[in-house]
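A short worksheet on the structure shown next.
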Amino acid sequence: MFTSLQLDRAQQRFDTWDVNGDGQIDRSDWQAEAQQILKALRVPSVSPAGRALTEAYLGMWSFFAGEAGIDEEDGSLNLDQFNHIAHEHIVEDSSSGFGRVVRPVIEAMVELVDTDGDHQVNPPEFKTWLDAINASNIDPAEAFRQIDTDGDGQLSVDELVQAVRAYHMGDIDVPLLGH
Ligand SMILES: [Ca+2]
Ligand SMILES: [Ca+2]
Ligand SMILES: [Ca+2]
């Protein structure tokens, strides 16, 4: 069963991904979410980094569509279907296929904000990340501490992938893939 916080997170996640607000999630919503992030970062969507993010987002959509047994071009998911898949794959099983489709999104985001090129995210780079997903109500320093589980002052791809799951579990308060 979902806890109420997990349900709340799933609802927030759904509302975020339902970019055009029609109560259904489809491919265009995921594309729009990636476009919004790229626009906020002033990165052209046709650049290699822009393409990588868009493809990674569409990879997440392919996963959800596949799990729901719907056509990824024409199909759409309602809230119940979305919750079911999220429950099965995000909350219950950390080694599931969802982890494998989240990782490319995290890697693409790290690439986009990693101004010093060390493939990790330092505090100023993390601030850029939060701004890009419009998470203005998040305390960047507190969020950083929650995600930096080894406390080395850098967010690794692994820590960030774990944080996506921890957010949906209700263990931490930081949405990393849009808000
Ligand atoms: Ca929609
Ligand atoms: Ca860096
Ligand atoms: Ca770390």
Side-chain angles (χ1 to χ4, degrees), residues 10-37 39-43 48-49 52-54 57-65 67-68 70-86 94 99 102-134 138-167 171-179:
Q11 177 74 58
Q12 278 179 23
R13 187 65 272 168
F14 185 89
D15 291 345
T16 300
W17 273 331
D18 180 17
V19 176
N20 65 3
D22 65 354
Q24 298 276 329
I25 289 179
D26 62 30
R27 192 175 192 275
S28 68
D29 289 314
W30 296 65
Q31 197 144 23
E33 173 90 6
Q35 296 312 307
Q36 284 181 357
I37 291 171
K39 194 169 167 222
L41 291 169
R42 297 189 181 83
V43 172
L53 185 75
T54 306
Y57 260 88
L58 292 177
M60 283 200 292
W61 167 243
S62 295
F63 175 80
F64 272 85
E67 288 297 317
I70 61 169
D71 187 282
E72 75 175 85
E73 297 293 331
D74 303 330
S76 59
L77 294 176
N78 63 26
L79 178 61
D80 281 349
Q81 290 171 304
F82 178 81
N83 275 347
H84 181 75
I85 297 166
S94 64
V102 165
R103 181 168 289 266
V105 178
I106 294 296
E107 285 171 346
M109 281 297 293
V110 170
E111 189 71 19
L112 284 165
V113 303
D114 182 24
T115 48
D116 67 6
D118 66 354
H119 305 295
Q120 299 204 81
V121 176
N122 64 26
E125 292 166 348
F126 185 59
K127 182 69 172 61
T128 304
W129 183 316
L130 291 179
D131 289 345
I133 63 169
N134 202 22
I138 299 287
D139 173 357
E142 176 57 26
F144 195 95
R145 270 193 299 276
Q146 287 189 340
I147 300 168
D148 182 19
T149 49
D150 70 2
D152 71 347
Q154 297 275 354
L155 306 181
S156 65
V157 168
D158 282 340
E159 285 172 334
L160 289 158
V161 169
Q162 249 337 97
V164 171
R165 180 165 184 268
Y167 171 72
D171 293 340
I172 66 171
D173 306 321
V174 195
L176 289 171
L177 302 180
H179 188 54

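Atoms within each ligand, like the ligands themselves, are counted from 1 in listed order. Everything quoted here is computed from the prediction, not taken from an experiment.
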Side-chain touch [X]/[Y], heavy atoms, less than 4.5 angstrom:
| X | Y | value |
| --- | --- | --- |
| Trp61 | Leu77 | yes |
| Leu177 | Met60 | yes |
| Leu160 | Ile147 | yes |
| Val174 | Leu130 | yes |
| Asn134 | Gln36 | no |
| Ile138 | Pro175 | yes |

What is the OD1(Asp29)-the Ca ion (ligand 1)-OD1(Asn20) angle, to the nearest 10 degrees?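 Rounding to the nearest 10 degrees gives 70°.
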
So which of the N, O or S atoms of [X] lies nearest the Ca ion (ligand 2)?
| X | answer |
| --- | --- |
| Asp118 | OD1 |
| Asp116 | OD1 |
| Glu125 | OE1 |

Opening angle at the Ca ion (ligand 2) [OD1, Asp114; O, Gln120; to 10 degrees]: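 An angle of 90° at the metal.
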
Tell me whether the Ca ion (ligand 1) has Asp26 as a neighbour, meaning an N, O or S atom of it below 3.0 Å.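 No, since none of the N, O or S atoms of Asp26 sits under 3.0 Å from the Ca ion (ligand 1).
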
Is the Ca ion (ligand 1) less than 3.0 Å from an N/O/S atom of Ser28, whether that atom is in the backbone or a side chain?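 So Ser28 does not count as coordinating the Ca ion (ligand 1).
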
Name, closest N/O/S atom of Asp150 to the Ca ion (ligand 3):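 Closest to the Ca ion (ligand 3) among those atoms: OD1.
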
Hey, which N, O or S atom on Asp148 ends up closest to the Ca ion (ligand 3)?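 The Asp148 atom nearest to the Ca ion (ligand 3), restricting to N, O or S, is OD1.
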
Go through the structure and list residues passing ring-ring contact (aromatic ring centres under 6.0 Å, His included) with Phe126, not counting sequence neighbours.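 By the ring-ring contact (aromatic ring centres under 6.0 Å, His included) rule, Phe126 matches Phe144.
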
Run the numbers on Arg103 and Asp158 for salt bridge (Lys or Arg N to Asp or Glu O under 4.0 Å), then give the verdict. CA-CA 8 Å; Arg103 181 168 289 266; Asp158 282 340; 2.5 Å; yes

Quick one: does Asp114's side chain have a donor or acceptor within less than 3.5 Å of a partner on Glu111's backbone?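 Such a contact is absent between Asp114 side chain and Glu111 backbone.
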
Could you grab the angle centred on the Ca ion (ligand 3), going from O in Gln154 to OD1 in Asp152, to 10°?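 It rounds to 80°.
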
Using only N, O or S atoms, tell me which atom of Asp18 is closest to the Ca ion (ligand 1).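 Per the distance ranking, Asp18 contributes OD1 as its closest N/O/S atom to the Ca ion (ligand 1).
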
As a test of reading the structure, name the N/O/S atom of Asp22 that is nearest the Ca ion (ligand 1).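 Nearest N/O/S atom: OD1.
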
Do you see an N/O/S atom of Asn122, backbone or side chain, under 3.0 Å from the Ca ion (ligand 2)?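 No.
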
